[in-house]
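Everything on this sheet refers to the single structure shown next.
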Amino acid sequence: MGNGGMGRVTVICPVNSWCFWSEKDLDHILGRFGTFIVERSGTDIDDALANLQPWKDNIYVIQQLIQNDVSSTKIRLFLRREMSVQYLIPSVVIEYIEQNGLYEEDGASSIDVKAIGFVTAGLVSGEAITPKHEAGRCAIRGNCGRPSLFSPELPCADNGLAKEPEDDVRKQLVVLCGPKWETGPICCESKQLDALSDNLQKANAFISACPACKENFYNLFCTFTCSPNQSLFINVTQTETNGDKVRVTELDQLVSDEYGSGFYDSCKDVKFGPTNGNSMTYIGGGAKSYTEFLAFLGKKNPPFGSPFQINFPDPKKYPEKGTGPLEMSPKKCNDEDESFRCACIDCPSVCPKLPEVTEAGSCYIGILPCLSFGAILTYGVLMTLLATAIFGHIAWTKHNRRKSERLRLLQDATPSDDEDEGDMIHNNAMYDRPQRNYWINTVCDRAFSQLGFAAAKFPAITIFVSVLFVGILSLGWIKFDIETNPARLWVSPTSAAAQEKAFFDENFGPFYRTEQVFLVNDVNPAGNGPVLSYDTLKWWIEVEERISKLTGNMTGVSLNDVCFKPTGNACVVQSVAAYFDNDLKKVKQNTWKDDLQACVDNPVECLPKFGQPIDPKLVLGGNGDSNQASSASAIIVTWVLNNNAENSDEVARAMDWEESLKNALLDLQGEASSRGLRLSFNTEISLEQELNKSTNTDAKIVVISYIIMFFYASLALGSTTLSLHSVLRNPATFLVESKFSLGVVGILIVLMSISASVGLFSFAGIKVTLIIAEVIPFIVLAVGVDNIFLIVHEFERVNISHPDDMVEYRIAKALGRMGPSILLSAITETVAFALGAFVGMPAVRNFAVYAAGAVFINALLQVTMFVSVLTLNQRRADDHRADCFPCIQIKSAGVHLGQSNGNGYARSYEGQDEGSLQQFIRKTYAPVLLGKKMKVAIVVIFLGIFTAGISLIPEVALGLDQRVAIPDGSYLIPYFNDLYDYFESGPPVYFVTRELNVTERVHQQQLCSRFTTCEQESLTNVLEQERKRPNISYVASTAASWIDDYFRWLDPQAESCCVEKGKTCFAERDPAWNITLYGMPEGDEFINYLQKWVTSPTDEVCPLGGQASYADVIVIDAERQTIPASHFRASHTPLRSQEDFIAAYASARRISDGLKQSTGIDVFPYSVFYIFFDQYATIVRLTATLLGSALAIILAISSLLLGSVRTGAVVTITVIMVVVDIIGTMAVFNVSLNAVSLVNLVICVGISVEFCAHIARAFMFPSRAVMERAKNKFRGRDARAWTALVNVGGSVFSGITVTKLLGVFVLAFTRSKIFEIYYFRIWLALVVFAAAHALVFLPVALSLIGGDGYIDPESEGGLEEDLASRRYRAMLPDEDDSDDEY
């Protein structure tokens, strides 16, 4: 500093030299000024700066981005070997060395060494540590003490000659390293062999399964420790003094590429059974190459790894003269010497090849499925033929027209009076009216007429008996019970999946309860970012600490009381925090990223408190292509809780704690949001709670839907005798002619039928499901309202045609005509629904039973109780009493006419106007629809839609995504999204054996894989082979084989594992333990040692102990000396869609079935999700069977009751077209096939019949009064089709179509995705397609190919009926109809 200005002082010194400075000087330099500190490899910055915390604000650490291990020792070695040190140290330092002649002689002054050390960060001086490299000379020998109290001893640097050992040392060496060490000098001592034995023993549990890997591992380190030629391949590069001894801290070992790669290849696929992982994770840090493998083995990492640094430089580039790798040949895992050959599970090259798997699926022609291609081709051919026929017909018609014109010129075309006489009596349509009676229809007509007369004659008795009947059946409500357990809803209790789950739960306990959290950084619009930071990591460790202290509100239990503890003292919590032992002190601001990466690269070095290494895929997600753990955009945390039998006290306590956890996590979402993060979670109780919330939401929408249909039906019924003109002419008539009370009774009958059905089948022990509660009222209301409209509309027609008859006779006539139609629809619907009772799936079976019962009881009540109420209502109307208030008589409602009923007032039905809908159908719609050109267009269009439906069938997916089963806005939806997006691990899968006597050798060989006599197609061998084709098998990990690990635990070389009375088990056994299995226990001995093994601790002393990994895997029956149950645990690949889950389940089934055939053992696959996906193994076949059976019954019943197979076939074909079109719509609307949609498809069949049956019967038994109005344009089938539309078309439209549309549209406002997708979309398609086919396609199809009709008994009664018919036509308003108006 000069002239009072500020200056800069540069001080170069190692950070640990601060301790030699005085406190005053430190405070002056660091307090008033400051310092920059450059990090150096091998130095712990936090420890070095621990004494400088008072001045931390003035200390700036420059972190080392690229590792630099340059030291004065290395500089000295390079210069002595005349190698360049350019770029290793600054050029000014090189100049300084050259100017002062440093390192040119053996002795360099300590000052010179320090001068260079300050710059290069090296502090070691002296001569070459291993100056001589020649055969017979050592590099290290003996032990020179411990660097610290807990560190292992380090070897001494010794470049002396190899020596012959003492006899006991020789024996010790041969026992440890093999017979090739029986002669010759060595470079090791007894204590070194003790240390070597301890270290090899630690690795033995991981490598002993593969003899080749074990041999190579032992050979490498035995040669390293004891070879008489150490100096040829070992060069000591760093030492430190310990008194008068020099101990080694770093050295170079030269290993050939051949041996290094062969060594790695022999070990890379070796499996460690207890954790289902690769042994390379433990012995090589998950190395991906032999260089990484050797680097991990040589990394200084006491007490778990090497006590000093061993470098493995490239021998081809190593500069030290006289050095090189020893010539050693590695053993191969498929070695020709069988004593070194490894098992299939550890060596893919010895595995048998599995047969190819033919993937199930549709065949394709080009990009189209074969079914789609065939449908389109067939439609194209039909359209071509139709076009040809049309053009041919046009040409032929023109030809005939010209011919007839020429003939007409030659004849007198004036008709005679006789020829015109017929037209005065009948129109042309009546010439072709049916002339035959159908005896079944006659019997049904007579029966329903008598039933209607009785119900009308004795209305009070009929109503009382009906109510009593319903009341008795409803008593069954006392046994009412709702089934909400999905496992019992979707799977038959007698199915394989249900029985297998029960077997698994009984023997191994229910699967664990899991609570899972995703913490994600995806709130930034720019894209995902790293979720972890120093502050976030500290915050999350604190969060986990808070959660560990949570207690249940009801029981006060804590996490420690309910969690799963495999080792008995620590809960399983899989978390990034566990890598840091959930200790805030271990999270260092400058090194946390490196520490995390080290744990991710080698999880075994960061064991959590529960003792099992954590797979990084279980706790980190969203890394993309990056290998950096700190760049993950999501962390996953999983708490594992014990599970017990349903409704047990243990489950209740776990649920109580889960409720507290759920509330805490909901609060944590706000904390995460304030940090710019997003938190999603799921607890074991969450899904059921959210499903119930969805059900409550759905219930409101469903009730509103029913209320709207109820009001519409009540109001619309009154429109049958009311028109706007009549109301305007005399408003008082509305009060009388309204049928609101009649509609109320109709809806009440619907509710009564549902109550009776529920009571009846609840008494029979059949549980109600949510599907039943939500769907059956809709079905019954839809069917019931339609029948009510038909009865009321027909009754009004009878009122007009037979006004002088008593009400009882008019009711009898109306029911006699509509009863058979109701019978047709009721029987077909009941039978169609009842078919589902033969299905094993409870959700479908129970629905089918309840629906069939409700529909049938509803039909009974409609033809009895409703008819009685209709009679009372008509008497009220005839007496001009107000609707809903029958005590009030409204005299002004009548119209005073010259002809009256005797009381001075006209009857309510006299002089009424024809409804606008009825008039539109009669005059416009029906004539246009039945035109020839329109028929062709309709056939072409509807067949085209049908073709499209068939073509889309292969596109219908299977499954039911959980996200659609919960309401919008649920906190579970983001969780499931994150689960699919970020979770990189699949669910566990267990292959379970039943009643297999594994004490016998033959069955041991059917299971094992690590011994030479194991069957090639043993269970574990097959599973390992399947693991190697995960795209087909969906198996991602090696199965944990308890029998292999049990036998390896007995290996006497694992001295610390099986110990009995202070001695190693099987140490002196005859026959000895060997890899051929013939030295293994059987019978009593097998059970005895097995019981000891499953209680043996799993720890560092013996990782093969069975307590942690296998205690709950095996069921031991000591009395029968057998194993009733055991399982082999693997895991699926990540499953990210319903298709993946279904395919994984199917693949597991395929594997287990193959094992049964090849080995004969009883084995089945189990995973916690299988119970929900078992339905998809048979749902396609089940759907085809159900729908096919229903359609066959519809064909039979409709053909029988309609008296025509052709008409029955037309109805059935129409229903088929409707159902196929709905299935095609499912593909377009992304509605997958599952139990819910299958129920809806069964509904579609029943409702489609309801739409079609009435029109088909009106076609087969046309009303004479209506048919006479067909005028002259229609003949034959056209006239009957016109009659059917005019007669019941309005009822079908207003009674079925509009009612259902109103109800369905309300469902569009539901918050529940499952209702919006599986009910609204399917039901909307049902109403649209069924109405279109019934009102458009069916009349056209009947007019083209319908069967011959029959006389309607109610329309044919001689002169009396003819006069009544004429009266009916006369009562209708006058029209200006010409022959061309209809």
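Just so you know, these numbers come straight off a predicted model, no measurement behind them.
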Residue list, ring-ring contact (aromatic ring centres under 6.0 Å, His included) with Y809, at least two apart or on another chain: F453
All side-chain contact (heavy atoms from CB on, under 4.5 Å) counterparts of S755, not counting sequence neighbours: S474, W477
Partner set under side-chain contact (heavy atoms from CB on, under 4.5 Å) for S821, not counting sequence neighbours: H1254, R1257
Inter- and intrachain pairs under side chain to side chain donor-acceptor pair (under 3.5 Å), touching residues 1330-1341, at least two apart: D1221-H1333
Partner residues of V831 under the side-chain contact (heavy atoms from CB on, under 4.5 Å) criterion, sequence neighbours left out: I827, I1193, I1197
Set of residues satisfying ring-ring contact (aromatic ring centres under 6.0 Å, His included) with respect to F1293, sequence neighbours excluded: none
Under 3.5 Å: donor-acceptor pair, side chain of S757, backbone of Y850: yes
Non-neighbouring partners of R845 that pass side chain to side chain donor-acceptor pair (under 3.5 Å), sequence neighbours left out: none
Those residues that, when tested against I1345, pass side-chain contact (heavy atoms from CB on, under 4.5 Å) (two or more places apart): V1210
Non-neighbouring partners of F1329 that pass ring-ring contact (aromatic ring centres under 6.0 Å, His included), sequence neighbours left out: none
Pairwise side chain to side chain donor-acceptor pair (under 3.5 Å) hits with a residue in residues 1192-1205, at least two apart: S1204-T1207
Qualifying residues under side chain to side chain donor-acceptor pair (under 3.5 Å), relative to T864, sequence neighbours excluded: none
Partner set under ring-ring contact (aromatic ring centres under 6.0 Å, His included) for F448, not counting sequence neighbours: none
